[in-house]
2 protein chains.
Amino acid sequence: MNDIQPPYIKIQDAHCAHDKRVSCGNCRLNTICLPISLHLDDIDRLNNIVQRGKPLQKGEYLYRAKDTFDSVYAIRSGAVKAVSISETGNEQVTGFYLPGEVVGLDGLASDIYTNSVIALETSSVCEIPFNRLEELSLQIPTLQRHFFQLMSREITQEQQIITLLGKSSAEARIASLLLSISARNGRRNLSTNNFILPMSRTDIGNFLGLTIETVSRIFTRLQKNKVIAVDKKEIVITDMDSLQVIAKGTD
Amino acid sequence: MNDIQPPYIKIQDAHCAHDKRVSCGNCRLNTICLPISLHLDDIDRLNNIVQRGKPLQKGEYLYRAKDTFDSVYAIRSGAVKAVSISETGNEQVTGFYLPGEVVGLDGLASDIYTNSVIALETSSVCEIPFNRLEELSLQIPTLQRHFFQLMSREITQEQQIITLLGKSSAEARIASLLLSISARNGRRNLSTNNFILPMSRTDIGNFLGLTIETVSRIFTRLQKNKVIAVDKKEIVITDMDSLQVIAKGTD
DNA sequence: CGCTGAATTGACTACCCTCAACATGAGTGG
DNA sequence: CCACTCATGTTGAGGGTAGTCAATTCAGCG
């Protein structure tokens, strides 16, 4: 129970989450964003190329679509969303990224980012210049392997989102999103039943292909059915089993 | 006009598309699936690790979800679909892959494939053993770079699918799929207006999150509106501009 | 020739979107 | 302290799009 935060204490308020002086070697998140298998010396070499800037404030851009690509970023605290803007100007949220997760992998393909990344709350990130990472990957085979795996994981996760959007029910989509956030909190040793949503209803709706009204209605319905308790952005999962059944769909 | 096939002649029936003796150096598709920037010697080294087996028949599996990962595959002729199966047994088509495109990148993340890949018609593939590719990438920096880019392209394409599924209209989804296939045919110097759909209506519906009936209705509606002409699997785009407007959505 | 699977078309229904009104809370300035 | 605005979220009523169920057509094939 030592580092599980009650949900009303924001994660990023924990004492050292924004501390620039954290190194990869002693970062709490290194089992998530780093290869566990890296040799200690190699972790140091990676740590040396990582740049840690000042935290982003809510609403600030980490980078914008069409910016020239030069770095990937590991989220260290807070939360961000990735947004792609279609030719018609419509925004589409393509993903939410929590601490330990990496954004910017979309930029490699054509040397410019295809998404914009925006902070949902005060967030700090580790910038990893890609050409440095690329050089290092040639020298450290396990780092190359790890980076391949990181990108592959992004691919499989996006395929899960495609599967999610393919299935019809709005209730199932919301349930899946809640379970996803719950599981990702679990990986960071935070409560899986009890957390603060970092994103707005609008962002949730945009991400899941639903309107804000539908999102709101589903939340109240799930609450009526005693599956979750909602208080603004605070979520308590009161019936995990039911939520999983709903996420899988009733067909 | 020399290698553009009329649409009623199936692509894979072209004289040498299934020929095992094609090498990476003289393959028509190498500008798509290979780094154009590779040195000739390096292309040879890559060619030496590529394995070309006998063609897959329609319905045959290239690999199955949960098989151990050891190779990625470039499609040389024909077409395949990637399918992920959820815990409830529901199938979800996560993508269609045409000649020059690469499948299997989902397998790196956890050493097993997360999708199954199934031939939609007679198809031949180039198998690229991943550990050999990995070694070679350490020796040829531009190959490492290319492979990173290949994975990044997969990520951005899947984000486009997420955007597609996020927007509401069924008509827009179908229009986008047609335009996608059209553009990919264009890259291979095939007709962009005039092609055979390799997949069934069921697959299209599954991929786009629509029922087969809706897919059918949209096709007939687009035909009534003189945007396309449909004859079973043969598509003729008669009004490309309108199709693009529909794909972007009328909002 | 009948069988099977794929596709089309129609009638009806349900879910979600649209439009609208209202509630809540944060921030600002009087 | 209150009034005001603005952004965000909730709730309600009604309509439209796509799903469901069902019948029919069509092509391929033993």
Side-chain angles (χ1 to χ4, degrees), chain A residues 8 10 57-59 81 90-93 118 120-122 164-177 196-225 228-235 246 249-251, chain B residues 8 10 57-59 81 90-93 118 120-122 164-177 196-225 228-235 246 249-251:
Chain A
Y8 44 81
K10 284 204 184 159
Q57 296 305 309
K58 176 175 178 170
K81 63 175 173 180
N90 296 3
E91 289 197 0
Q92 169 71 39
V93 175
I118 305 167
L120 294 167
E121 55 188 34
T122 307
L164 182 63
L165 297 180
K167 73 174 122 178
S168 45
S169 149
E171 213 169 20
R173 297 185 197 188
I174 302 257
S176 295
L177 177 64
I196 306 269
L197 290 176
M199 71 292 284
S200 68
R201 302 284 192 270
T202 306
D203 287 331
I204 293 175
N206 188 316
F207 178 60
L208 295 178
L210 304 170
T211 59
I212 176 176
E213 294 97 325
T214 300
V215 173
S216 181
R217 274 186 259 268
I218 301 285
F219 273 130
T220 56
R221 192 195 304 170
L222 288 175
Q223 179 157 249
K224 256 177 205 148
N225 297 343
I228 61 174
V230 188
D231 179 22
K232 306 203 37 93
K233 301 208 166 184
E234 181 176 347
I235 300 286
I246 292 167
T250 46
D251 47 318
Chain B
Y8 44 84
K10 283 203 182 161
Q57 295 305 309
K58 175 173 178 172
K81 64 175 173 181
N90 296 4
E91 289 197 0
Q92 168 72 36
V93 175
I118 306 167
L120 293 168
E121 55 188 30
T122 307
L164 182 63
L165 297 180
K167 75 172 114 176
S168 44
S169 149
E171 213 170 20
R173 296 185 198 189
I174 302 258
S176 295
L177 177 63
I196 306 270
L197 290 176
M199 70 292 283
S200 68
R201 302 284 193 270
T202 306
D203 287 332
I204 293 175
N206 187 316
F207 177 61
L208 296 178
L210 303 170
T211 59
I212 177 176
E213 295 94 327
T214 300
V215 173
S216 181
R217 273 186 260 269
I218 302 284
F219 273 131
T220 56
R221 192 194 304 169
L222 288 175
Q223 179 157 248
K224 258 178 205 146
N225 297 343
I228 61 174
V230 189
D231 178 23
K232 307 207 34 97
K233 301 207 166 182
E234 181 176 348
I235 301 284
I246 292 167
T250 47
D251 48 317

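Just so we're on the same page: letters track the sequence lines, and every chain starts at 1. Because the structure is predicted, anything quoted here is derived from the model rather than measured.
Taking every side-chain heavy atom of A:Arg217 into account, D:dG12 is the closest of D:dG12, D:dA18, D:dA22.
Atom-to-atom, CG of B:Asp231 to P of D:dA27 comes out at 9 Å; the value is rounded to the nearest Å. The CZ atom of A:Arg221 sits 12 Å away from the C1' atom of C:dA14 (whole-angstrom rounding). The separation between A:Arg173 atom CZ and C:dC17 atom P is 8 Å, rounded to whole Å. Computed from coordinates, the A:Asn206 CG to C:dC17 P distance equals 12 Å when rounded to whole Å. Note: CD1 (A:Ile174) to P (D:dG9) measures 12 Å, nearest angstrom.
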Atom pairs, N/O to N/O, protein against nucleotides 3-7 of chain C, distance under 3.5 Å?
from	atom 1	to	atom 2	distance (Å)
C:dA7	OP1	B:Arg201	N	3.2
C:dA7	OP2	B:Arg201	N	3.3

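Partners of B:Ser200 under the side chain to side chain contact (heavy atoms under 4.5 Å, CB included) rule, at least two apart in sequence or in another chain, are B:Thr202, B:Asp203, B:Lys233. Applying the side-chain hydrogen bond (donor to acceptor under 3.5 Å, both in side chains) rule to A:Thr214 yields the partners A:Thr211; only residues at least two apart in sequence or on another chain are considered. Every residue two or more places apart in sequence or in another chain that forms a side chain to side chain contact (heavy atoms under 4.5 Å, CB included) with A:Ile118 is listed here: A:Tyr61, A:Lys81, A:Val83. In this structure B:Arg217 satisfies the side chain to side chain contact (heavy atoms under 4.5 Å, CB included) test together with B:Glu213, sequence neighbours excluded.
Note that the two end axes of the helix from C:dC1-D:dG30 to C:dG30-D:dC1 enclose an angle of 20°, each drawn from 5 base pairs, rounded to 10 degrees.
For A:Glu213 and C:dC19, a side-chain-to-base donor-acceptor distance below 3.5 Å is present, hydrogens and geometry of angles not being considered.
Between B:Lys224 and A:Val215, the residue whose closest nucleotide on DNA chain C is further toward the 5' end is B:Lys224.
Side chain of B:Ser176 to main chain of B:Ala172: a donor-acceptor pair is present (N/O by atom type, distance under 3.5 Å, no hydrogens or angles). Between the side chain of A:Gln223 and the backbone N or O of A:Val230, at least one donor-acceptor pair lies under 3.5 Å. At distances below 3.5 Å, at least one donor-acceptor pair connects side-chain atoms of B:Gln92 with backbone N or O atoms of B:Asn206.
Distances shown here put every side-chain N or O of A:Thr211 at or beyond 4.0 Å from the OP1 or OP2 atom of C:dC16.
A distance of 8.0 Å separates CD1 in B:Ile218 from OG1 in B:Thr220, rounded to the nearest 0.5 Å.
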